[in-house]
Amino acid sequence: SQTIHQWPATLVQPVGSPLSLECTVEGTSNPNLYWYRQAAGRGLQLLFYSVGIGQISSEVPQNLSASRPQDRQFILSSKKLLLSDSGFYLCAWSKTDTQYFGPGTRLTVL
Amino acid sequence: QKEVEQDPGPLSVPEGAIVSLNCTYSNSAFQYFMWYRQYSRKGPELLMYTYSSGNKEDGRFTAQVDKSSKYISLFIRDSQPSDSATYLCAMRLASGATNKLIFGTGTLLAVQP
C-alpha cells in the first residue's frame with residue numbers, strides 16, 4: 001500500500017528566515033505530486049504540482065518554490081519567509097483519478 | 001463566481017441524525033467527484049469517489065451526483081460524534097495528465113452526543 005510522509009509536523013519560524021518542507025511517497029512510482037496551502041477557515045490553495053522529476057508547475061506567483069529531486073520526493077522552499085506564508089501545508093500524490101494527502105505541516109511565521 | 005460552491009456551515013446535528021452535505025459547481029465538463037473528510041489539524045482523507053452521475057454507497061455514506069443540476073451531495077446516515085469534521089468536496093475534468101482537483105471550501109460538521 002502507498003503512504004505519504006511530511007515533515008516537520010509543526011514549524012515556527014521568524015520572518016525573513018528560510019524554509020524547507022519535505023514530502024515523500026512510498027509504495028508507488030512516478031506519481032503526480034502536489035503542494036497545497038490551507039489558511040485557517042479557508043479552502044485548499046494549490047501551490048505547485050509535478051508530473052515528473054524536475055518538472056514543476058506553479059499555480060500562483062508567490063514567495064515559495066518547489067523542487068522534485070527524486071521520483072517520490074517533493075520539497076517546498078522559501079528563501080525569506082513572510083508573515084503571510086503562515087498556514088497548513090499539505091502534500092498530495094496522485095496516480096490515476098484522485099489525490100491522497102499527507103498529514104500536513106503547520107507553519108507559523110512570527 | 002467560484003467554480004465550486006460549498007456552504008461553510010457550521011452544521012450541528014444530534015447523534016443519529018441524517019446529514020446532508022452539498023456542493024454546486026459551474027463547469028459542466030467536470031466528470032470525477034470526490035468527498036474528503038478532514039479532522040482538525042489533520043490532512044484530508046478520501047471518503048467517497050464517483051465518476052459521472054449516479055449514486056454510490058459505502059456503509060453509512062452515500063454520494064450522489066446530479067450533473068443536470070451541477071449538484072453533488074454526501075449523505076451520512078446514523079451520524080456519530082466521530083463524524084465531526086470538515087467535509088470537502090472536490091472535482092476534476094475527465095482528461096488531463098495533471099489530475100488537478102478543484103475543491104470547495106469545506107463544511108464544518110458537529111455531531112452532538
Side-chain angles (χ1 to χ4, degrees), chain A residues 1-11 21 23-25 28 30-52 55-60 66 68 74 87-108, chain B residues 1-11 21 23-25 30-52 56 58 63 65 72 74 85-110:
Chain A
S1 64
Q2 299 84 17
T3 56
I4 178 169
H5 304 278
Q6 286 187 247
W7 64 90
T10 60
L11 193 59
L21 303 181
C23 170
T24 59
V25 181
T28 187
N30 196 31
N32 287 354
L33 296 171
Y34 311 84
W35 278 113
Y36 290 87
R37 178 168 56 207
Q38 187 175 39
R42 300 177 68 178
L44 292 166
Q45 180 186 31
L46 179 62
L47 302 175
F48 301 94
Y49 67 90
S50 171
V51 299
Q55 301 178 62
I56 309 294
S57 295
S58 174
E59 286 292 294
V60 291
R68 185 171 177 175
F74 206 22
F88 191 44
Y89 288 83
L90 289 157
C91 180
W93 72 272
S94 172
K95 191 70 175 178
T96 54
D97 299 326
T98 190
Q99 294 179 19
Y100 301 91
F101 286 85
T105 294
R106 188 160 302 279
L107 172 66
T108 303
Chain B
Q1 181 189 8
K2 290 182 181 177
E3 279 194 285
V4 179
E5 299 275 2
Q6 187 174 8
D7 187 335
L11 179 62
L21 303 167
C23 287
T24 58
Y25 60 95
F30 287 140
Q31 291 283 355
Y32 294 90
F33 304 91
M34 284 136 272
W35 286 95
Y36 288 84
R37 178 175 62 195
Q38 185 176 22
Y39 291 115
S40 181
R41 307 180 80 85
K42 303 290 186 183
E45 59 177 316
L46 182 65
L47 201 58
M48 298 287 284
Y49 163 64
T50 53
Y51 171 70
S52 194
K56 185 174 183 179
D58 184 2
V65 176
I72 67 170
L74 177 70
T86 296
Y87 289 80
L88 299 156
C89 65
M91 47 201 77
R92 55 157 283 201
L93 302 172
S95 60
T98 64
N99 293 340
K100 286 166 59 176
L101 299 180
I102 307 300
F103 285 87
T105 51
T107 299
L108 179 61
L109 171 66

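Below, chain A is the first sequence line, B the second, and so on; all start at residue 1.
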- Shortest non-hydrogen contact from A:Tyr49 to B:Lys100? CE2-CD, 3.7 Å
- Close approach to chain A in residues 43-52 of chain B, criterion heavy atom under 4.5 Å: B:Gly43, B:Pro44, B:Leu46, B:Tyr49
- Could you check if a side-chain atom of B:Tyr32 sits within less than 4.5 angstrom of a side-chain atom of A:Thr96, using non-hydrogen atoms only? no
- Note on the structure: dist B:Phe103:CZ -> A:Tyr36:OH (nearest 0.5 Å) comes out at 4.5 Å
- Task: Check whether A:Gln45 gets within reach of chain B through its side chain, its backbone, both or neither, counting any heavy atom under 4.5 Å.
- Result: neither
- Message: Does B:Lys42 have more than 12 heavy atoms from other residues, nucleotides or ligands lying within 6.0 Å of its NZ?
- Response: no
- Got A:Phe88 and B:Gln38 here, is their nearest side-chain heavy-atom distance under 4.5 Å? yes
- Under 4.5 Å from any heavy atom of chain B - which part of A:Ser50: neither
- Task: Side chain from CB out, backbone as N, CA, C, O: work out which of these in B:Leu101 comes under 4.5 Å of a heavy atom of chain A, or both, or neither.
- Result: both
- Query: Got a sec, which residues hit side-chain hydrogen bond (donor to acceptor under 3.5 Å, both in side chains) with B:Thr86, two or more places apart in sequence or on another chain?
  - Reply: none
